[in-house]
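A short worksheet on the structure shown next.
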Amino acid sequence: MSEVASEELQDCWKKEQDELAMRVNTSYNEDIAVNRISLVGGLDISFVKGTDDACITLVVLTLPDLKVVYEDSQLIKMVALYIPGYLAFREADFFHQALQRLRVKHKEFFPQVMLVDGNGVLHFKRCGSASHLGVICDIPTIGVAKNLYQMPEEGIVRNDEHKQKVSQLNNKGDQFELKTNNQDVLGMAVLSNNQATNPVYVSVGHKCNLETAVEIVLKCSVARVPEPIRQADIRSRQFLRERFPPE
DNA sequence: GCGACAG
DNA sequence: ATCTTGTCGC
């Protein structure tokens, strides 16, 4: 793709993202009270090494036992390029389709909340991929990123102060706020596991608040990455290994 | 303009 | 995202 085409595409995505951002809802919702949640969804995508072939996987797990009760793995051809800040434009439609299939085929397994591999409102437009997906599907979502998405112009950076705070996280549940220069709390760095050294970056996606988001992530975590996302990751890789055997 | 940049 | 061994442990 040429530089010009890429810029035009990005302009188009910017407008769409602005409209989606206006619809992101972070108000508290009684229906997402943690102790009433019995089904949590997870999404991930894996690629065949040097290709555009990928597997999109949606899983649904029960709470509190974290058993997988539904899996949908689909081979897809990725056409959109990856631009940081616009992750959702690559994958949201595929995830949306997977959720539609679930709604039609096994409505009884439709999750009350989705965990998404990426950010929610921890994003320069307050509309990362988790929020994007939440809005187009009109469901509660939570963003969980393995790396900090830095926004230098807003003071969210992996600087020494940040590293210092990270080094003080010792036990599961330890956390600190990710705050902009304007004191807006956009997310939480959370230690999800006792033996982890690095936190995961949790942010509101859609239709839930940050405290609830963190609580759900902790309830779903046995490894560093919360189980719904981890299972989606494992199963999408497995799916590809079976169909594209390594030499 | 340059560099920073979830997956 | 992807290339990667063994190793420790719920």
Side-chain angles (χ1 to χ4, degrees), chain A residues 3 6-7 10 13-14 17 21 42-57 64-67 75-95 114-134 141-159 162 171-172 178 180 186-190 192-205 213 217-227 229-234 236-241 244 246-247:
Chain A
E3 302 279 319
S6 165
E7 277 173 33
Q10 197 169 329
W13 284 355
K14 265 179 194 150
Q17 198 167 68
L43 293 165
D44 199 28
I45 176 170
S46 298
F47 287 83
V48 179
K49 38 185 178 179
T51 75
D52 292 336
D53 295 315
C55 175
I56 291 271
T57 297
D65 45 322
L66 299 174
K67 299 293 180 211
L75 190 62
I76 61 112
K77 192 71 118 177
M78 179 58 70
V79 286
L81 78 164
Y82 171 61
I83 301 176
Y86 301 89
L87 175 61
F89 291 88
R90 299 193 91 191
E91 42 193 47
D93 282 341
F94 296 114
F95 289 148
M114 287 294 313
L115 299 192
V116 182
D117 199 1
N119 292 307
V121 300
L122 179 54
H123 180 274
F124 62 100
K125 288 283 188 185
R126 313 296 182 257
C127 190
S129 63
S131 301
H132 187 126
L133 187 80
T141 58
I142 296 168
V144 184
K146 294 183 285 294
N147 295 290
L148 179 64
Y149 181 43
Q150 305 190 72
M151 293 175 271
E153 60 288 347
E154 297 202 78
I156 294 191
V157 285
R158 203 179 59 247
N159 54 14
H162 179 86
N171 302 304
K172 177 170 178 173
L178 300 163
T180 65
L186 297 189
M188 201 73 89
V190 182
S192 52
N193 183 297
N194 277 333
Q195 50 266 35
T197 49
N198 294 316
V200 290
Y201 298 94
V202 179
S203 58
V204 165
V217 166
L218 287 172
K219 278 197 191 296
C220 289
S221 297
V222 333
R224 182 170 90 105
V225 175
E227 223 46 26
I229 293 174
R230 200 170 79 92
Q231 288 303 321
D233 180 56
I234 291 169
S236 64
R237 293 174 126 91
Q238 176 69 25
F239 186 95
L240 290 178
R241 265 199 307 277
F244 298 83
E247 302 117 44

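Scope of the values below: all heavy atoms of this structure, side chains included, with no hydrogens, waters or symmetry mates.
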Evaluation steps, side chain to side chain contact (heavy atoms under 4.5 Å, CB included), between A:I156 and A:Y149: CA-CA 8 Å; A:I156 294 191; A:Y149 181 43; over 6 Å; no
Trace of the side chain to side chain contact (heavy atoms under 4.5 Å, CB included) decision for A:D53 with A:K77: CA-CA 5 Å; A:D53 295 315; A:K77 192 71 118 177; 3.0 Å; yes
Test log, rule side chain to side chain contact (heavy atoms under 4.5 Å, CB included), inputs A:L186 and A:M151: CA-CA 11 Å; A:L186 297 189; A:M151 293 175 271; 4.1 Å; yes
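In terms of heavy-atom proximity, A:D44 sits nearest to A:F95 at O-CE2, 3.9 Å. In terms of heavy-atom proximity, A:R224 sits nearest to A:N193 at N-ND2, 3.8 Å. When every heavy atom of A:S221 is checked against every heavy atom of A:P226, the shortest pair comes out as OG-CA, 3.8 Å. Taking each heavy atom of A:L43 and A:A232 in turn, the nearest pair found is C-CB, 3.8 Å. Contact detail for A:K172 and A:N194: the closest heavy-atom pair is N-OD1, 2.8 Å.
One finds the CG atom of A:L66 at 9.0 Å from the CD atom of A:Q231 (value rounded to the nearest 0.5 Å). To the nearest 0.5 Å, atom CD1 of residue A:I229 and atom OG1 of residue A:T57 are 13.0 Å apart.
For the pair A:L43 CG and C:dA1 P, the interatomic distance rounds to 14 Å; values are reported in whole Å. Whole-Å rounding puts the A:I76 CD1 to C:dA1 P distance at 15 Å.
Stretches of at least 3 consecutive Watson-Crick or G-U wobble pairs, with each checked distance under 3.5 Å, do not appear in DNA chain C at all.
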Show each protein N/O and nucleotides 3-7 of chain B N/O combination with a separation under 3.5 Å, one pair to a line.
from, atom 1, to, atom 2, distance (Å)
B:dC5, OP1, A:Q150, NE2, 2.9
B:dA6, N7, A:G85, N, 3.0
B:dA6, N6, A:G85, O, 3.0
B:dA6, N6, A:Y86, N, 3.3
B:dA6, N6, A:L87, N, 3.2
B:dA6, N1, A:S129, N, 3.0
B:dA6, N3, A:N119, N, 2.9
B:dA6, N3, A:N119, ND2, 3.2
B:dG7, OP1, A:K146, N, 2.8
B:dG7, OP2, A:N147, ND2, 2.7
B:dG7, O3', A:D117, OD2, 3.2
B:dG7, N2, A:R90, NH1, 3.4

Output a table of nitrogen or oxygen pairs between the protein and nucleotides 6-8 of chain C separated by less than 3.5 Å.
none

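Using cut-offs of 30° and 60° for the angle between ring planes, the A:F89 and A:H132 rings count as perpendicular.
Closest-nucleotide positions on DNA chain C for A:L240 and A:Q195 were compared, and the one nearer the 5' end corresponds to A:L240.
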Nucleotide-level pairing of DNA chain B, given in dot-bracket where Watson-Crick and G-U pairs need both distances under 3.5 Å and | marks other strands: .......
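Remark: A:H123 pairs with no residue by the ring-ring contact (aromatic ring centres under 6.0 Å, His included) rule, at least two apart or across chains. Under the ring-ring contact (aromatic ring centres under 6.0 Å, His included) criterion, A:F94 pairs with no residue, sequence neighbours left out.
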